[in-house]
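Right, one structure below, let's go through it.
What you are looking at is a predicted structure, and each value in this text was computed from that prediction instead of being measured. As the structure lists them, so they are numbered: ligands from 1, and atoms in each ligand from 1. For this chain, numbers begin at 1 and follow the sequence in order.
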Amino acid sequence: MSTSALTDLHLHSDQSDGRLTPAALVALAAAQGVRHLALTDHDTVAGLDHAAAACAAAGLRFTPGVEATALWRGQSIHVIGLGLQPDEPVLSAHLAGLRQHRRQRLLAIGERLARRARLPDAPAIAARIGAETAVPTRTHLARALVEAGAATDLANAFRRLLGHGGPGHLPEDWPALEATVAVLRGAGAQVVLAHPHRYRLSGGALRALTGEFAAHGGHALEVSLGNMARADLDRLAALARRHGLAASCGSDFHDPAMPWNTPGRFAKLPTDLEPVSGRL
Ligand code: AMP
Ligand code: MN
Ligand code: MN
Ligand code: MN
């Protein structure tokens with residue numbers, strides 16, 4: 001089902017929770033046949049200059065992006081801005097606030113793990129990640145917990161410790177969806193609702209989220225991703241049609257050791273949907 005696509009608009013580097021430098025990521029994407037890519041690190045634009053330079057050198061088209069964390073009905077929702085002006089001041093302040101919140105959140109998660117999962121080293125691990133990492137994510141913490149022997153692998157760390165219902169789970173607290181869309185629009189971005197099928201939402205709630213996203217000025221839904229069931233793709237395509245939204249696609253690549261999210265590997269978009277790449 002997965003085909004190699006020329007355009008990958010959702011990729012992470014080591015500037016957030018990806019494993020590769022922006023330059024190594026561009027090299028891997030080019031080797032996989034990608035001709036146009038967007039770097040969309042969580043809550044930072046720090047890798048964009050290096051990625052742009054690597055793309056220019058390799059003859060790839062580059063789109064500057066970001067995956068911003070937002071809140072809707074108590075859940076964290078990811079909103080991607082594509083084709084943004086990285087230095088736009090309101091965006092810069094918004095992203096700095098997100099990173100500041102992340103540092104405090106990681107410490108609070110570490111305390112919770114110590115208390116509720118009997119992991120006395122967790123606060124020190126969280127503090128170290130917060131000090132060493134510009135965008136501290138739960139991915140960083142999950143990797144460190146695996147290294148410390150507290151979980152068998154990343155999925156296990158999320159399922160047993162960090163995920164919903166787990167001892168390290170904290171109520172989510174992020175800027176509202178509406179404000180996030182406005183900030184990204186203000187920076188000139190095409191605004192994309194990321195991986196709508198991954199949220200813990202009923203069908204009705206997902207339609208409500210998509211409707212509100214469109215009403216706030218969101219432009220596109222991410223319809224095709226790496227490692228996605230065909231039924232989910234069909235469902236998201238129908239949702240994009242229903243709300244008159246364009247469609248985006250990407251791998252959500254983080255790590256070469258996770259080959260189910262390789263750059264450029266995801267199904268083609270349905271031909272009746274408008275690809276957001278045409279607006280970039
Ligand atoms: P955060 O933004 O700090 O809450 O971390 C979210 C990140 O954790 C996502 O962007 C994914 O990269 C990663 N993640 C979430 N759930 C899982 C999971 N079950 N297995 C592996 N990685 C996950
Ligand atoms: Mn991530
Ligand atoms: Mn995401
Ligand atoms: Mn992502």
Side-chain angles (χ1 to χ4, degrees), residues 5 7-22 25 28-29 34 37-48 51 63-72 75-82 84 95 98-99 101-102 105-106 109 129 133-146 153-155 157-159 162-164 172 174-175 177 180-181 184 189-201 206 209-210 213 218 220-228 232 236 248-258 260-266 276:
T7 299
D8 190 330
L9 300 176
H10 189 160
L11 295 156
H12 294 276
S13 78
D14 65 357
Q15 297 303 298
S16 66
D17 61 350
R19 285 288 202 186
L20 301 182
T21 64
L25 170 65
L28 176 61
V34 172
L37 68 82
L39 181 63
T40 56
D41 272 312
H42 298 286
D43 305 336
T44 184
V45 294
L48 297 181
T63 292
V66 73
E67 182 172 15
T69 315
L71 192 73
W72 186 79
Q75 270 213 53
S76 67
I77 298 290
H78 289 179
V79 184
I80 291 178
L82 295 174
L84 46 78
L95 297 178
L98 288 170
R99 295 192 296 269
H101 173 63
R102 281 185 171 282
R105 169 187 185 242
L106 211 70
I109 294 174
I129 293 169
T133 315
V135 187
T137 71
R138 290 186 301 163
T139 314
H140 294 93
L141 189 54
R143 287 180 188 139
L145 290 168
V146 172
D153 60 22
L154 222 55
F158 274 94
R159 194 167 54 247
L162 301 176
H164 202 270
E172 299 286 359
W174 304 98
L177 177 70
T180 303
V181 173
L184 292 170
Q190 288 288 312
V191 183
V192 182
L193 184 61
H195 43 66
H197 62 303
R198 284 204 212 133
Y199 305 122
R200 292 164 41 88
L201 295 172
L206 184 56
L209 167 63
T210 308
F213 173 75
L221 279 196
E222 210 167 44
V223 167
S224 179
L225 278 123
N227 193 30
M228 179 192 228
D232 283 329
L236 296 184
S248 190
C249 58
S251 58
D252 202 9
F253 168 82
H254 285 74
D255 184 343
M258 299 182 156
W260 51 90
N261 284 84
T262 298
R265 293 300 303 276
F266 44 84
V276 75

- By side chain to side chain contact (heavy atoms under 4.5 Å, CB included), which residues pair with Ala142, not counting sequence neighbours?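 Listed in chain order: Leu154, Ala157, Phe158, Leu162.
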- Message: Test of understanding: with side chain to side chain contact (heavy atoms under 4.5 Å, CB included), list the residues that count as partners of Leu20, not counting sequence neighbours.
- Response: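 With sequence neighbours excluded, Leu20 shows a side chain to side chain contact (heavy atoms under 4.5 Å, CB included) to Ala24, Leu25, Leu28, Phe253, Pro256, given in chain and number order.
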- Item | Closest approach to the Mn ion (ligand 2) by Asp17, given as the N, O or S atom name | OD2
- Task: Answer yes when Arg198 and Asp252 have at least one side-chain N-carboxylate O distance shorter than 4.0 Å, and no when they do not.
- Result: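 So Arg198 pairs with Asp252 through a salt bridge.
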- Run the salt-bridge test on Asp43 and Arg102 with the 4.0 Å N-O cut-off and return the result as yes or no. yes
- Task: Tell me the protein N, O or S atoms under 2.8 Å from the Mn ion (ligand 4), in chain and number order.
- Result: His10 NE2, His12 NE2, Glu67 OE1, Asp252 OD1
- Sequence neighbours excluded, the answer for ring pair (Phe, Tyr, Trp, His ring centres under 6.0 Å) partners of Trp174 is His101
- Evaluate the criterion side-chain contact (heavy atoms from CB on, under 4.5 Å) for residue pair Val191 and Val79; output intermediate values, then yes/no. CA-CA 7 Å; Val191 183; Val79 184; 3.4 Å; yes
